[in-house]
Amino acid sequence: MAEDEPKPTQLDMPLVLDEDLTKQMRLRAESLQQRGGMRQDGEKLLQPAKSMYRIDFTQQPRLQFEPWDVVLDKPGKVTITGTSQIWTPDLTNLMTRQLLDPAAIFWRKEDSEAMDWNEADALEFGERLSELAKIHKVMYFLITSSEGVEPANLKASVVFSQL
């Protein structure tokens with residue numbers, strides 16, 4: 001690239017905890033448990049260590065994936081799984097077939113400040129996000145926390161170059 005050409009604008013798009021949706025999906029799981037009901041075939045129930053996050057892709061038609069920016073302020077592990085739904089109002093009946101592969105897994109060890117991740121899967125997932133941003137106005141993510149991590153301990157975003 002020539003030095004006088006403008007550099008692409010970088011957009012840091014944070015994953016935002018969708019508290020209302022998370023609460024709604026947990027209520028569905030609790031309701032089934034209290035009634036002794038069965039989940040629908042293929043339904044993914046939201047357990048306490050799982051939360052729903054979102055990114056709004058309003059008017060971002062051409063994005064190129066750069067890096068993930070994930071920070072855990074304490075040791076632990078998170079798995080970020082995208083959903084393929086293009087409708088948004090009610091994800092209560094999230095189906096396992098709507099979860100995208102691969103998932104991005106990030107962790108921080110007890111004796112380290114550095115983040116580790118499954119690089120190949122995280123990169124593939126990030127590149128898929130660039131394509132999905134062309135169709136989705138909002139994208140939802142199922143984030144599973146483990147090893148003592150809670151949503152308050154997580155800061156995650158995806159960095160894109162705007163083409």
OG on Ser31 to CZ on Arg26, rounded to 0.5 Å:
15.5 Å
Do you know which two heavy atoms are closest between Ser112 and Ala114, and how far apart they sit?
OG-N, 3.0 Å
The reported gap from CG in Leu46 to CE in Met52 (rounded to nearest 0.5 angstrom) is 7.0 Å
With no hydrogens and no angle check, is any side-chain donor or acceptor of Trp68 less than 3.5 Å from a backbone partner on Ala122?
yes
Distance-only criterion, 3.5 Å: show the donor-acceptor pairs between side-chain atoms of residues 12-20 and protein atoms not counting sequence neighbours.
unit_1 : atom_1 : unit_2 : atom_2 : d
Asp12  : OD1    : Ser157 : OG     : 2.5
Asp18  : OD1    : Leu21  : N      : 3.0

Criterion side chain to side chain contact (heavy atoms under 4.5 Å, CB included) on Val158 and Met139, from CA distance to verdict
CA-CA 12 Å; Val158 185; Met139 179 129 184; over 6 Å; no
Gly148 and Asn153: which non-hydrogen atoms are nearest, and at how many Å?
O-OD1, 3.9 Å
Strictly distance-based, threshold 3.5 Å: is any side-chain N or O of Arg28 a donor or acceptor partner for the main-chain N or O of Arg39?
no
Give a yes or no answer on whether the side chain of Thr22 reaches the backbone of Ser51 with a donor-acceptor pair at less than 3.5 Å.
no
Same cluster for Leu154 and Val159 if Ile/Leu/Val/Met/Phe/Trp/Tyr side chains link at under 4.5 Å?
no
Judged by atom type as modelled, is there a donor-acceptor pair below 3.5 Å linking the side chain of Thr83 to the main-chain atoms of Tyr140?
yes
Short question: side chain of Thr96, backbone of Gly42 - any donor-acceptor pair under 3.5 Å?
yes
Starting from Ile135, can I reach Leu129 by hopping between I/L/V/M/F/W/Y residues whose side chains sit under 4.5 Å apart?
yes
NZ (Lys23) with more than 12 external heavy atoms under 6.0 Å:
no
Tell me whether the count of non-hydrogen atoms from other residues, nucleotides or ligands lying under 6.0 Å of CD in Gln33 goes above 12.
no
Indicate the ring-plane relationship of Trp117 and Phe106, choosing parallel, tilted or perpendicular according to the 30° and 60° boundaries.
tilted
Taking side chain to side chain donor-acceptor pair (under 3.5 Å) as the test, write out the residues that go with Glu30, two or more places apart.
none
Inter-residue atom distance Gln64.CD - Ser161.OG, 0.5 Å rounding:
5.5 Å
Glu124 side, atom CD; Glu119 side, atom CD - distance, nearest 0.5 Å:
13.0 Å
Grouping I, L, V, M, F, W and Y whenever their side-chain heavy atoms are under 4.5 Å apart, do Leu11 and Ile55 come out in a common cluster?
yes
Treating Ile, Leu, Val, Met, Phe, Trp and Tyr as nodes and any side-chain heavy-atom pair under 4.5 angstrom as an edge, say whether Val138 and Met95 lie in one connected cluster.
no
Hey, what do you get for CZ (Arg54) to CZ (Phe141), rounding to the nearest 0.5 Å?
11.0 Å
Walk me through it: do Thr81 and Thr144 pass the test side chain to side chain contact (heavy atoms under 4.5 Å, CB included)?
CA-CA 8 Å; Thr81 307; Thr144 306; 5.6 Å; no
Lys155 and Asp69: side chain to side chain contact (heavy atoms under 4.5 Å, CB included), yes or no, with the steps?
CA-CA 8 Å; Lys155 179 183 169 254; Asp69 184 13; 3.9 Å; yes
Minimal heavy-atom distance between Ser145 and Val149, with the atoms involved, is CB-O, 3.1 Å
Between Phe125 and Ala104, which heavy-atom pair has the shortest distance, and what is it?
CD2-CB, 3.8 Å
For Tyr53 and Pro151, which heavy atoms make the closest approach, and how far apart are they?
OH-CB, 3.2 Å
Quick one: do Leu63 and Phe65 end up in the same hydrophobic cluster if we chain Ile, Leu, Val, Met, Phe, Trp and Tyr together by side-chain heavy atoms under 4.5 Å apart?
yes
Which heavy atom of Gly126 sits nearest to which heavy atom of Phe160, and what is that distance?
O-CE2, 4.4 Å
Once salt bridge (Lys or Arg N to Asp or Glu O under 4.0 Å) is applied, what residue pairs with a partner in residues 99-113 remain, sequence neighbours excluded?
Arg108-Glu113
Distance in Å, Met25 CE paired with Gln47 CD, rounded so as to fall on 0.5 Å steps:
10.5 Å
